[in-house]
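These notes concern the structure reproduced below.
Numbering of ligands and ligand atoms starts at 1, following listing order. Index from 1, following the sequence. The analysis underlying the following values was restricted to heavy atoms, covering all of them including side chains, and did not include hydrogens, waters or symmetry mates. Since the model is a prediction, treat every value here as computed from it, not as a measurement.
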Amino acid sequence: MSTDYFDLEFHTDDPKLTKLCSEYWKITEDGKFARTGTDIAKEFGISSAGLGKLVECYCTAYSKEIFCNNCGRPYFYDNRSDYQSTQRYQSKTWICRECQEIERQKQELEQRSKEDAQRKTLREEFDLKFRQPIKLNSLSLENAVYLLSLVRSCGSEDFSYAKPTVMIKEPFAPSKDFEINALKNLFRERYISVHPESDLGAFIFDTPIRFYVDRVMWALPIDENGSPKNVIAALEEKFRDMDWNKQWEDEQLELWMKIAHEECIQYLDVCMKDHGFTFSPGDKTHLVIDSLLREYSVGQVYSFIWRASKDAAAFYVREKVNKQHAANTVVGNLQRQGERAKAEGWEVKPYRRDRRCPESVISQVFFNTALQIGEAGFTQKPYQAI
Ligand SMILES: [Zn+2]
């Protein structure tokens, strides 16, 4: 049966049911339904809900206006309100469910073959076969600390890989830049290799392939037998026995300063944000922090930082100056506090670590495992300790 708006297909020979369905879908010349559902239901002695169910079961109404853009199959209406809403909202272009499913499968297949090709490229590009055994004696103190930090925080049970640093909860280094540079260092010196089974999202498939150092998985260094286990055991032992060479002795102050410096910058950032300041440390800030660390421990510099940012906030409120101007007073304030404390021989009480700046893995490995001084790394000044 056909009307101006749809073709009706019946799934029954029963004349009463056929009539019921026809009445349901009957449309007047002005495009409105001829009778209300209640009226039809009443005539056939059933409920309105029962009417809907019978029509759905015994009749399909195919649109004469809307067709699948892909296969040409006509749209079919679930019920009257579906018809009404398509009249109001649906554009005449439509893709049927079957065609959508075929398209989805096609895209999935394309995606999978693209990923297979990318994986193949990675396996060629970062083939672990070509790794050279590591020589532990040539490792600098800095790289030894970074490597052990990576092994301890990210290494798998069998040391066959280290997961991406971005996946661990505790901070790997005192700052993100520090983390990236530490990993780059290890990679550049070939102590670690990019693992070809890393998540594909860690790479940018340009020529040459680029990758995010904090998102790739790493292959750990191997000995002559191709095993990472012995290398790591030897590295742990070297630290445990404090088997240091002259080069390591010479390097330690520099590494201490580097870690201490970043820890101060990190705390400065937290304090400034506490007072609603945005502040990006420039050369002057870095110089002032370094000179403070020649006289004071990180814990003591924390107390200067806390005071300086509090003063800047008070200055901002009191003098109604520009916020950036107030933030910029912090560096001068830090310098003055340091110089005054020294000149007047003040005893500067060290702060504790702030829970918002938890100790990083690198800091723990350096102070607890390498220097074996624990919290003193925070409460002692680098220059006095070494
Ligand atoms: Zn279709």
Side-chain angles (χ1 to χ4, degrees), residues 1-124 196-207 209-210 212 215:
M1 190 186 161
S2 174
T3 71
D4 284 349
Y5 300 91
F6 20 67
D7 286 319
L8 296 182
E9 187 181 301
F10 299 108
H11 315 298
T12 175
D13 295 331
D14 183 329
K16 197 174 161 197
L17 284 171
T18 315
K19 176 139 190 293
L20 177 145
C21 296
S22 306
E23 290 295 305
Y24 179 88
W25 286 114
K26 193 192 277 176
I27 281 189
T28 57
E29 274 176 13
D30 57 356
K32 300 249 167 60
F33 284 108
R35 299 174 63 187
T36 65
T38 327
D39 187 26
I40 305 168
K42 206 168 157 194
E43 179 190 331
F44 288 86
I46 51 176
S47 67
S48 293
L51 173 70
K53 277 197 191 127
L54 284 176
V55 174
E56 192 187 339
C57 186
Y58 294 112
C59 177
T60 308
Y62 291 102
S63 173
K64 281 184 151 183
E65 298 171 310
I66 308 169
F67 300 93
C68 171
N69 257 17
N70 197 43
C71 69
R73 162 194 325 233
Y75 184 86
F76 64 88
Y77 301 106
D78 289 337
N79 46 43
R80 281 185 174 189
S81 48
D82 183 27
Y83 170 75
Q84 282 158 337
S85 65
T86 55
Q87 289 305 101
R88 274 196 296 268
Y89 309 117
Q90 188 158 355
S91 66
K92 302 296 176 208
T93 58
W94 169 70
I95 305 282
C96 74
R97 208 172 298 160
E98 285 79 358
C99 288
Q100 279 179 30
E101 176 60 18
I102 290 167
E103 181 59 23
R104 194 191 61 77
Q105 285 176 3
K106 198 176 126 207
Q107 280 177 9
E108 201 178 285
L109 215 68
E110 276 171 12
Q111 180 65 18
R112 206 173 310 152
S113 70
K114 186 177 147 204
E115 286 174 5
D116 286 348
Q118 288 178 335
R119 182 64 70 202
K120 192 165 163 267
T121 311
L122 291 184
R123 285 177 185 154
E124 285 163 8
E197 303 306 318
S198 301
D199 190 281
L200 294 173
F203 299 88
I204 298 164
F205 288 88
D206 273 352
T207 330
I209 294 178
R210 289 176 295 148
Y212 297 99
R215 288 199 226 162

- Heavy atoms, side chains only, cut-off 4.5 Å: are Ile66 and Phe76 in contact? no
- Message: Tyr58: which residues meet the ring pair (Phe, Tyr, Trp, His ring centres under 6.0 Å) condition with it, sequence neighbours left out?
- Response: none
- Axial cation check for Phe203 ring with Arg210, 6.0 Å and 45° limits: no
- Item | Between Asp14 and Thr12, a side-chain donor and acceptor under 3.5 Å | no
- Closest non-hydrogen atom pair between Phe67 and Pro74, with its separation: CD2-CA, 3.6 Å
- List nothing but the number: protein N/O/S atoms under 2.8 Å from the Zn ion (ligand 1). 4
- Under 3.5 Å, is there a donor-acceptor pair linking the side chains of Tyr212 and Asp199? no
